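Below is one structure, written out as structure tokens; comments come after it.
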Amino acid sequence: MTAGSEQAGGTRQWLRGLEVLAGPLPDFHPEPAPADPVRLFLSWLVEAVAEGVRDPHAMTLSTVDESGDPDARVLLLKGVDASGWQFAGHAFSPKGSQLSCHPRAALTFYWPEHGRQARIRGSVTPGTAEENAADFLDRSPTARAQTLLGRQSRHLTDTADRDRALEKALALIEQEPSLVDSAWTLYTLAPAEVEFWQAAKSRIHTRLRYERTRDGWERFRLWS
């Protein structure tokens, strides 16, 4: 056995020994679930906020690039309504470029204290200039300054250069507080599928999927 295989085996045993689904988990009965997945999602989100789940509005955004390679990152939910789930980003960032090429995405929410996931897939559309500007101006000055630099995900070779550029951008915002980066975009994911996953200590998990049809939503139980 090689050192590498020994290390891999040790890592597997260590991971298997980590406790999961540690706390009391809520029940989930799909039968009385609302006809609209947005209502169920908001009820789960409200419960997570009320019980102090950390960053309950954090979600993983999954996209693909022009070669079909997957990419993912954690963002914050900006809103959810009948039109879909909203998030924001720079149009020239990797996620912006990927959404321009393939305007479909998936969102994943995970509330570990409740053993719950919500998974959403669908098409993505950018907001209007007014919606984008309103979201940009809601951000903190430092966040707006970072966006104005337009260098997200590029190689950083000198942090002093970054700090000087950020200082200039902050000064510009102070002089022009209504300044908006036209590349900042508020995106809306219109769901085609929404799945709710409730863990159980027995490992007999409960899954409910909403699938959009011409007439609205249909609900299906899934094997765990």
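Only a predicted model underlies this, so the values are computations on that prediction, with no experimental measurement involved.
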- [ ] Looking only at non-hydrogen atoms, find the nearest pair between Pro32 and His29 and report the distance.
- [x] CD-O, 3.0 Å

- [ ] Check Ala145 against Leu166 and note the closest heavy-atom contact, atom names and distance.
- [x] CB-CD1, 3.5 Å

Open item on the list: Please verify the inter-ring angle class for Tyr210 with Phe196; under 30° counts as parallel, over 60° as perpendicular, anything in between as tilted.
Closed with: perpendicular

- [ ] Please tell me if the side chains of Phe220 and Glu211 come closer than 4.5 Å, counting only heavy atoms from C-beta onward.
- [x] yes

TODO: Work out which heavy atom in Val64 is nearest to a heavy atom in Gln98; give both atom names and the distance.
DONE: O-CB, 3.3 Å

Open item on the list: Between Val38 and Leu189, is there shared hydrophobic-cluster membership here, with clusters defined by ILVMFWY side-chain heavy atoms closer than 4.5 Å?
Closed with: yes

Task: Cluster overlap Leu208 with Trp85, hydrophobic side-chain contacts below 4.5 Å - done: yes

Task: Hydrophobic cluster identity match, Leu15 and Val20, side-chain contacts under 4.5 Å - done: no

Task: CZ on Arg116 to CD on Glu47, rounded to 0.5 Å - done: 4.5 Å

Task: Common cluster, Tyr110/Ile120, ILVMFWY with side-chain heavy-atom separation under 4.5 Å - done: no

Task: Heavy-atom side-chain proximity of Leu75 to Tyr187 below 4.5 angstrom - done: no

Task: Any donor-acceptor N/O pair, Trp111 side chain to Pro56 backbone, under 3.5 Å - done: yes

Task: Check: Asp65 and Asp71 side chains under 4.5 Å, non-hydrogen atoms - done: no

Open item on the list: With rounding to the nearest 0.5 angstrom, report the CZ to CG distance, Phe87 to Leu186.
Closed with: 9.0 Å

Task: Rounded distance (nearest 0.5 Å) linking atom CZ of Phe136 with atom NE2 of His90 - done: 8.5 Å

Open item on the list: Is it true that, when you exclude Lys168 itself, more than 12 heavy atoms of the residues, nucleotides or ligands shown sit nearer than 6.0 Å to its NZ?
Closed with: no

Open item on the list: Between Arg219 and Glu31 (salt bridge meaning N to carboxylate O under 4.0 Å), is one present in this structure?
Closed with: no

Task: More than 12 heavy atoms from other groups under 6.0 Å of CZ on Phe92 - done: no

Task: The single option from Ile173, Leu179, Leu172, Leu170 passing side-chain contact (heavy atoms from CB on, under 4.5 Å) against Arg144 - done: Ile173

Open item on the list: When you compare the side chain of Lys95 with that of Arg73, does any pair of heavy atoms fall below 4.5 Å?
Closed with: yes

Open item on the list: Just checking Ile204: does its CD1 atom have more than 12 heavy atoms from other residues, nucleotides or ligands closer to it than 6.0 angstrom?
Closed with: no

TODO: Check the pair Leu156 / Arg151 against side chain to side chain contact (heavy atoms under 4.5 Å, CB included), numbers first and verdict last.
DONE: CA-CA 9 Å; Leu156 174 62; Arg151 302 179 188 176; over 6 Å; no

TODO: To the nearest 0.5 Å, tell me how far Ser224 OG sits from Gln198 CD.
DONE: 12.0 Å

Task: Side-chain (Arg54) to main-chain (Gly52) donor-acceptor, under 3.5 angstrom - done: no

Task: Which atom of Ala105 lies closest to which atom of Thr63, heavy atoms considered - done: CB-CG2, 4.1 Å

Open item on the list: Looking at Arg119, I want to see if its CZ is surrounded by more than 12 non-hydrogen atoms of other residues, nucleotides or ligands under 6.0 Å.
Closed with: no

TODO: Using modelled atom types only, decide if a donor and an acceptor are shared between the side chain of Lys201 and the backbone of Gly23 within a distance under 3.5 Å.
DONE: yes

Task: For the student: nearest non-hydrogen atoms of Leu137 and Pro177, plus distance - done: CD2-O, 3.7 Å

Task: Which atom of Gly84 lies closest to which atom of Pro191, heavy atoms considered - done: CA-CD, 4.0 Å

Open item on the list: For Phe28 and Leu40: C-alpha separation, side-chain torsions, deciding distance, then whether side chain to side chain contact (heavy atoms under 4.5 Å, CB included) applies.
Closed with: CA-CA 11 Å; Phe28 175 44; Leu40 180 54; 4.0 Å; yes

Task: Straight-line distance of Arg121 CZ to Glu195 CD, nearest 0.5 Å - done: 9.5 Å

Open item on the list: Do Leu45 and Leu61 sit in one hydrophobic cluster, given that two such residues count as connected whenever their side-chain heavy atoms are within less than 4.5 Å of each other, even indirectly?
Closed with: yes

Task: Stepwise side chain to side chain contact (heavy atoms under 4.5 Å, CB included) check, Phe109 with Trp44 - done: CA-CA 10 Å; Phe109 293 83; Trp44 280 22; over 6 Å; no

- [ ] Please round to the nearest 0.5 Å and tell me the distance separating atom CG of Leu42 and atom CG of Asp81.
- [x] 9.5 Å

Task: Test side chain to side chain contact (heavy atoms under 4.5 Å, CB included) applied to His102 and Val124, step by step - done: CA-CA 9 Å; His102 297 292; Val124 177; over 6 Å; no

